[in-house]
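The structure under discussion appears below in the form of structure tokens.
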Amino acid sequence: MKLTACILLLFFILSIPAYCDIAPVRGIGSTIVPTNNDQVVMLSEDVTIRVIDSQKSRFKPVRDLLVEANFILKNTGDETELEMGFPFPAPSKKNPYYFKPSNFDVLLNGKKAKFSDKECKEGDFSLWYHWKVKIPEKETLVVTIRYR
């Protein structure tokens, strides 16, 4: 009986799907999305979240989260220019703790990039940070996103 239970448990665990792709976008700032180009592929995604003491209050330190996401993208074709974006959901009755991130930065191959934020009324995400990028033919690009 124990063997049967272990086999069923193992079967259940192995049947749970795992996803690692840039679409569909789900969650808080979960991924970057090329909006008008299909020749750029993501080679890897690495997300680090650290708890830090951002300031001292009268009674205890105020905790904050520092998020850094590194995406390695490869252009498989000719030189291309595209717009990329990073989403955040809106606060709602269901999720009242979502808020606009602070200290948001985009780095392209280690250099700060200019970006804009855009509020959206449609879709799952109310805020998009977006920027334009040019990737030379057959080149790799490292996109780093940082925010608190």
Side-chain angles (χ1 to χ4, degrees), residues 9-148:
L9 180 63
L10 182 62
F11 177 75
F12 175 74
I13 291 170
L14 293 177
S15 67
I16 297 171
Y19 299 98
C20 183
D21 202 353
I22 61 170
V25 178
R26 295 286 183 253
I28 299 176
S30 63
T31 190
I32 53 178
V33 180
T35 57
N36 63 358
N37 189 299
D38 62 357
Q39 73 186 38
V40 177
V41 295
M42 184 189 311
L43 300 177
S44 70
E45 172 183 356
D46 180 41
V47 179
T48 304
I49 302 171
R50 291 186 302 168
V51 177
I52 57 172
D53 293 338
S54 62
Q55 53 185 299
K56 302 287 183 196
S57 74
R58 189 172 181 173
F59 304 104
K60 62 181 179 178
V62 176
R63 301 281 167 146
D64 202 355
L65 296 177
L66 180 61
V67 179
E68 181 173 298
N70 290 294
F71 303 90
I72 300 177
L73 307 173
K74 173 79 174 174
N75 180 1
T76 62
D78 297 332
E79 179 175 272
T80 187
E81 187 173 335
L82 58 138
E83 184 175 9
M84 304 188 88
F86 198 87
F88 289 90
S92 65
K93 288 181 182 177
K94 185 178 176 183
N95 296 305
Y97 302 108
Y98 291 155
F99 54 89
K100 187 174 182 175
S102 62
N103 301 79
F104 188 89
D105 271 321
V106 177
L107 291 94
L108 304 174
N109 287 334
K111 296 179 183 174
K112 281 195 172 192
K114 291 182 182 181
F115 61 88
S116 302
D117 61 338
K118 181 179 181 182
E119 304 255 342
C120 299
K121 303 263 186 234
E122 299 173 12
D124 294 336
F125 303 99
S126 66
L127 175 65
W128 280 85
Y129 287 94
H130 60 99
W131 59 94
K132 292 191 180 198
V133 63
K134 189 181 284 188
I135 307 175
E137 178 179 353
K138 308 291 185 197
E139 288 293 318
T140 300
L141 174 70
V142 178
V143 179
T144 302
I145 306 294
R146 291 184 188 145
Y147 62 92
R148 293 177 102 156

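E137 and N75 share no donor-acceptor pair across their side chains, judged by distance under 3.5 Å alone.
Atom NZ in K134 sits 13.5 Å away from atom CG in L141 (nearest 0.5 Å). The structure places CH2 of W131 at 10.0 Å from CG of L82, a figure rounded to the nearest 0.5 Å. With values rounded to the nearest 0.5 angstrom, D46 atom CG is found 8.5 Å from I72 atom CD1. K74 NZ to M42 CE: the interatomic distance, rounded to the nearest 0.5 Å, is 15.5 Å. Once rounded to the nearest 0.5 Å, the distance linking CG of L108 with CE of M84 reads 8.5 Å. Note that CG of N109 is 9.5 Å distant from CG of L73, once rounded to the nearest 0.5 Å.
Scanning all heavy atoms of the two residues, the minimum distance from I135 to E139 falls at CG2-O, 3.8 Å. Heavy atoms only, all atoms of each residue included: D105 and F115 are closest at CA-CE2, 4.1 Å.
Distance alone, capped at 3.5 Å, places no donor-acceptor pair between the K112 side chain and the V106 backbone. A donor-acceptor contact shorter than 3.5 Å links the side chain of T76 to the backbone of Q39.
When the side chain to side chain donor-acceptor pair (under 3.5 Å) test is applied to E79, no partner is found at least two apart in sequence or on another chain.
Between F88 and Y147, the distance from one ring center to the other falls under 6.0 angstrom.
R146 has its side chain out of reach of N103: every pair of non-hydrogen atoms, C-beta onward, lies at least 4.5 Å apart. By the 4.5 Å heavy-atom criterion applied to side chains, L66 and I49 are not counted as neighbours.
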Given side chain to side chain contact (heavy atoms under 4.5 Å, CB included), test F104 with F86 step by step and report yes or no.
CA-CA 10 Å; F104 188 89; F86 198 87; 3.9 Å; yes

